[in-house]
Structures are given as C-alpha cells and as structure tokens.
Undergrad: 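Below: one structure in structure tokens.
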Amino acid sequence: MGIAEQNLVGVAAGLASCGKKVFATSPACFLTARALEQIKNDVAYSNNPVNVIGISAGVSYGALGSTHHSLHDYAALRAINNITVVAPADNWETEQAIELAAQTEEPIYLRFGKKPMPPLKDSTGETFAFGKGRVITEGDDVLIIACGETVYPALEAARLLKEENISATVVSMHTIKPLDTDLLAEKAGSCKAILTVEEHSIYGGLGEACASYLLQHGISKPFKIMGIPDEYTVTGSQGEILEHYGISTSGIATAAKELLR
Amino acid sequence: MDKKDYKVYTLLGDGEMPEGSNWEAALTAAHYKLDNLCAIVDKNSLQITAATADVCNTDPLDEKWKAFGWAVREIDGNDVEVLKSTLQDLPFEAGKPSVVIAHTTKGKGVSYMENVLKWHHGVPSADEYELAIKELDEALLAI
C-alpha cells in the first residue's frame, strides 16, 4: 500500500466489507492520527471488522521524536464507538490477542510496542479474552494497573516493594476499552491505593478510564496516573524517555510508596 | 499573501509520494500559482520494505506533477553542481510552483551502502562507519 495510511484503512474496510479477514498494519503514530477519520467512519461506524494494528507505539521510536510517538491513540480511539482497544504486554498476550482478533468479527485496534518483552508469568491454563484483565500478582497494599510494555516494570516494582514489606496487586489491563470494570472494582475495593501506568499521555488513557469508573461508583482511594505528561516530550531512547517520566521499576515503586504514605 | 520576496523549499522522498496529503498540497500550490515554492523529490527508488515501484508505483512521476499544474525538471540529484544550477533557475515557469525530481542513489559514495535496501535505516557498525567516512573523505579530496 505504501506510505498512505488513510488509503490503507479505507482499502482494509472495503476488503472487510467483502468478507475478507483484514489486518491493517502501520506505525501506531501515523495510523491512529492520519487515518483517524477512516478508522472512525469506514471501520468503527460502518462496523467493518478490520484489525487495525498499530506497531512501535508509545515512545518505541524514542529519539525520532514527537512525530513518531503515539501518546494519543488510547484517548482518540476510546472516544470512538464500536472499536475495541487492546495493548498486549508480553508474547503470550500478543499471540492470544492476534488469534482472537482473527476470529472476532468486529473492529479492533491492537497496539504493539517494538521491544521484546519477557513473559509476565507462566500462562499455562490461562484463558485470554478482550475486556478481561489479567492478574499477574496479588497483594493487599497497592493496586498497580498497567497495560502494554509498562506491565513488566510494574511487576518488577511489585518485587521491589515486597522487599520493603509492601504487597502489590499487578493487573495487565490489556483491554483499555471495554475496560474490565468488574475486576477494577474488585481489586480497587481491597487495596489501600491505586496506581495506573501507561506509555501514553496522562490524558484520556487507561488511568483516566479507571479514575472515571471508580469515581462514578463511589470508590475513592489515593490514586495516581503515571504516563507521559502534557509537555514537549523529552528526546532519547524509549528507555531513557520512560525513565525520565518515572515509568521504570524504581519510579513506579517510589510512586506507590508515596501514595501509601 | 504578503507578496514577500522569498522562496520556500520542501524536500520529499519518493516513498511518501503515495501519501494523499502531498497531492492535496500540490493541487493547492498550483491553484494559488505559488511560483516561489519549490519541491524536491529525492527519488532513490527504495523505501523501508522494498523498491518503491513494487510497494506502490508512482511512475511516471513527472507527468503526475505536470498534471497537477507544476513545472517539472528531472536531474541527477547526486550531482550537486547540477542541483545548484537548477535551483538558480527558479521558478521554472512564471505562475507555477516548481518541482525537481532528483534521481539519486541511496547510500551514494559508500561502496557497501549504494542501492542496498538495508541502509534505508541500518546503523553502521564501528568498522562500517570508519570505512564509510574514509570513502567519503577520499571522494571529497578528489573534488
């Protein structure tokens, strides 16, 4: 298709309307910005079951800068009716999400990073479903809800916190929309503080989705959204950028301790 | 709009020629007779995944630009002197935006990089880097 995201999504929607199974893949930054109208109208509104695949999302492209970062995609797509928004966190989730997307006859956005990610846990016997969060580890003190590549540092932070006798529940909330509100309410009810972590703007993503649900359902706990703030994003490698904004093992652990204080 | 006397240059890659917004801009520039605008298309015929002609063929590129109301020149884009003299001729036609289709060789001047797809975004090793700099320095001295 070439460098032509709007055309890509339009053609994908047309193929899907003719019964083809379509995966439309492009860097997330271009796909969900330039082709947003085609995603909204040709895919979501027209209910064409296209699998919109955004690769190298968040700040994966690091030093290439803001043009190549996608920190808006959850926000933009959450506000569009009839599209599922998914960000897998490890190989198992990725494989499951792709297989499930191939079998699902509805508009789906899958957001992938670029870096190889270690497995979060032994997935033997686990089942994967869109809209069902995955509990990676359980604890009573702090609930850490993350998605995509931020789940692993969240899990590492939980290990670090354990050394200081702070126990954490870590949830891989791979489906940002529809949000697993049952799991959110259950885990939020039994912890002392809630931290959300995402490789996305702090506006309109996983954190605000969780906050919105909790506040409207009378669940109030110390709460913090970790993500990329509303500023010109610093330049560097993905790791350096995330570290700068505290989206790292130590940064997440520190934020959790501050919330519990 | 302000009738100011300056030129505006925009550099494009042939790989991005399938992008619709380029052609929207091309239409508008011709409509408003922006003859102080010059686009240069770096046409090395390779993009990140394959040859540009195999990904989405945009040839004949000159005729497309002409049809959009632009004055077109095709040159050897690796010949800096030709590029300089071409740009001194702007605008190529009064009342029309100008486009230079610069036929180039990706990786020009570095023996192992020339026309090799990998070097669209490859990162040279330390040894490869040394060799590249040596070859470019030698070429510079020979000028």
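The figures that follow rest on heavy atoms only: side chains count, while hydrogens, waters and symmetry mates do not. Residue numbers start from 1 in every chain, and the chains themselves are labelled A, B, ... in the order their sequence lines are given, proteins ahead of strands.
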Undergrad: Would you say OH of B:Y32 has more than 12 non-hydrogen atoms from neighbouring residues, nucleotides or ligands within 6.0 angstrom?
TA: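 No, OH of B:Y32 has 12 or fewer neighbouring heavy atoms, counting only those of other groups under 6.0 Å.
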Undergrad: Does atom CD of B:E128 have more than 12 heavy-atom neighbours from other groups under 6.0 Å away?
TA: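 Count over threshold, so yes.
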Undergrad: So which atom in B:P18 and which in A:M1 form the shortest heavy-atom distance, rounded to 0.1 Å?
TA: CB-O, 4.3 Å
Undergrad: Hey, what do you get for CD (B:E19) to CD (A:Q6), rounding to the nearest 0.5 Å?
TA: 6.5 Å
Undergrad: Taking everything shown except A:Y45 itself, do over 12 heavy atoms lie less than 6.0 Å from its OH?
TA: no
Undergrad: Tell me whether the count of non-hydrogen atoms from other residues, nucleotides or ligands lying under 6.0 Å of NZ in B:K134 goes above 12.
TA: no
Undergrad: Any chance you could measure A:I3, atom CD1, to B:C56, atom SG, to the nearest 0.5 Å?
TA: 10.0 Å
Undergrad: Counting neighbours of OH on A:Y245 that are heavy atoms of other residues, nucleotides or ligands and sit closer than 6.0 Å, is the number greater than 12?
TA: yes
Undergrad: In terms of heavy-atom proximity below 4.5 Å to chain A, should B:Q47 be classed as side chain, backbone, both, or neither?
TA: side chain
Undergrad: Determine, stepwise, if the pair A:R34 / B:S21 fulfils side chain to side chain contact (heavy atoms under 4.5 Å, CB included).
TA: CA-CA 10 Å; A:R34 188 172 293 264; B:S21 57; 2.8 Å; yes
